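Keep in mind that the numbers below use all heavy atoms, side chains included, and drop hydrogens, waters and symmetry copies. The structure displayed is predicted, hence computed values, not measured ones.
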Amino acid sequence: AIPNLAEMNAGQLLKQLRSSERWNRYQAKRLLFHRSTKEVVTACDKFVAKLNPTEESDLLLIYRVIGVYEAHEVLREDLMQTLLASPHHTARCYGVRMIGNWAETLDNPLALLRKFIRDEHPRVRLEAIVAATYVPSPQSMEVAALALDSPMDRFLNYALKQAVHALSPQWKPAFEKGALTFGGSSTRLSFVLQNFGSKDLAKQVRDLALAPDLEDKARVNLLTLLADIGGANDLKLVLDRGAQNPALLNELAAQALRV
């Protein structure tokens, strides 16, 4: 028999999320969307309090209930953390997607993404790249580029290329000021600049590093990058500069140790 969903209260509708019938679940969620936020959120809180996230069936219910919360523009950060801590990559994927969706609400979304951009599963890393584009910060590109430290596939490559362009209003001005170094990684820097359309990477970094109005710290960062990606003449230029700049020599030594 088809349940009379229209007569159910919010708590009863939430129980329909256990149904094996997709129609029942869809209609229950549709009706919950049109109920008052106070009624629905109160019922959701009571419903999830009885769930055990270590049980796969309950974890699936948590995932479904989170959608109800989000339909009412309510974040339950503890439930997001439950998904992020799950051994199931599909749960972590949705948790990472939530980081992007709620980036303006979370205290430090990039700190969370920095962890999951290194996740063991490529689909979680893919979600982390996409989520980073929802955080309008120069550091978002640095975080997204960390995906290059793990194995890449065509989906990850495509997402990261799109991130380069989507975040260019944030990362490009910061890079041109020497405030963005991509952790001193020539692999990350090359990917970003090449996919943005830069042809001669070393020349671009060299020109920026030698700009007269650059802050000392920014110049050190760019010259360190130039030593890594440039040729013999660039290395000589950097070492000549280092003779008068102990901070640059220290950074070059630190970079050598990291490699």
Side-chain angles (χ1 to χ4, degrees), residues 1-137 140 143-144:
I2 298 176
N4 188 355
L5 300 178
E7 297 297 321
M8 293 183 180
N9 61 34
Q12 292 168 325
L13 287 171
L14 285 168
K15 291 179 181 178
Q16 291 298 313
L17 298 184
R18 298 182 183 273
S19 174
S20 59
E21 294 291 336
R22 183 179 181 275
W23 186 91
N24 289 4
R25 299 195 306 270
Y26 172 78
Q27 294 300 332
K29 287 187 285 187
R30 183 182 63 81
L31 289 168
L32 285 165
F33 174 77
H34 291 288
R35 299 291 175 89
S36 76
T37 295
K38 182 179 180 180
E39 176 193 2
V40 171
V41 170
T42 299
C44 285
D45 288 344
K46 291 179 180 178
F47 187 78
V48 298
K50 300 175 182 178
L51 300 179
N52 179 3
T54 62
E55 296 290 336
E56 192 167 349
S57 58
D58 279 6
L59 184 65
L60 180 59
L61 282 171
I62 289 172
Y63 163 78
R64 290 172 179 169
V65 175
I66 285 174
V68 177
Y69 278 119
E70 291 190 310
H72 284 268
E73 299 185 0
V74 173
L75 169 66
R76 285 291 183 260
E77 195 169 343
D78 57 329
L79 296 182
M80 182 187 77
Q81 293 292 350
T82 294
L83 295 184
L84 292 174
S86 173
H88 302 284
H89 77 272
T90 50
R92 297 197 305 280
C93 278
Y94 195 81
V96 171
R97 187 177 300 181
M98 288 179 69
I99 297 172
N101 290 342
W102 293 95
E104 293 182 357
T105 303
L106 296 169
D107 288 338
N108 195 344
L110 289 181
L112 292 169
L113 293 176
R114 191 176 290 274
K115 174 183 178 182
F116 291 97
I117 201 74
R118 295 185 172 97
D119 193 273
E120 64 183 9
H121 201 283
R123 295 291 73 81
V124 179
R125 300 197 297 275
L126 177 64
E127 290 287 353
I129 292 172
V130 175
T133 66
Y134 286 81
V135 185
S137 164
S140 296
V143 170

Any idea which heavy atoms bring [X] and [Y] closest together, and the distance?
X	Y	answer
Ala28	Leu5	N-CD1, 4.1 Å
Leu14	Phe47	O-CZ, 3.7 Å
Cys44	Val68	SG-CG1, 3.7 Å
Gly11	Asn9	N-OD1, 3.1 Å
Leu59	Pro53	CB-O, 3.9 Å

For side-chain contact (heavy atoms from CB on, under 4.5 Å), just list the numbers for Val40 and Leu13, CA-CA rounded to whole Å, side-chain angles, deciding distance to a tenth of an Å, and then say yes or no. CA-CA 10 Å; Val40 171; Leu13 287 171; over 6 Å; no
I need the [X] [atom1] to [Y] [atom2] distance, nearest 0.5 Å.
X	Y	atom1	atom2	answer
Arg97	Arg92	CZ	CZ	14.5 Å
Arg30	Arg35	CZ	CZ	10.0 Å
Glu21	Ile2	CD	CD1	9.5 Å
Leu17	Ile62	CG	CD1	12.0 Å

Around atom CG of Asp107, are there more than 12 heavy atoms from other residues, nucleotides or ligands closer than 6.0 Å? no
Hey, mind stepping through Gln16 and Met8 against side-chain contact (heavy atoms from CB on, under 4.5 Å) and telling me if it holds? CA-CA 10 Å; Gln16 291 298 313; Met8 293 183 180; 3.6 Å; yes
Show me the donor-acceptor pairs, under 3.5 Å and distance only, between side chains in residues 79-89 and residues at least two apart or in other chains.
| unit_1 | atom_1 | unit_2 | atom_2 | d |
| --- | --- | --- | --- | --- |
| Thr82 | OG1 | Asp78 | O | 3.0 |
| Ser86 | OG | His88 | N | 3.0 |

With no hydrogens and no angle check, is any side-chain donor or acceptor of [X] less than 3.5 Å from a backbone partner on [Y]?
X	Y	answer
Glu127	Val124	no
Arg125	Asp119	yes
Ser140	Pro136	no
Thr42	Glu39	no

Could you check whether any side-chain heavy atom of [X] comes within less than 4.5 Å of a side-chain heavy atom of [Y], counting everything from C-beta outward?
X	Y	value
Ile66	Val48	no
Leu106	Met98	no
Arg18	Asp58	yes

Here's a test for you: under side chain to side chain contact (heavy atoms under 4.5 Å, CB included), which of Val96, Ile129, Leu112 qualifies with Ile117? Ile129
All pairs passing side-chain hydrogen bond (donor to acceptor under 3.5 Å, both in side chains) where residues 59-77 contributes a residue, at least two apart: Thr37-His72, Asp45-Tyr69, Asp45-Arg76, Glu70-Tyr94, Glu70-Trp102
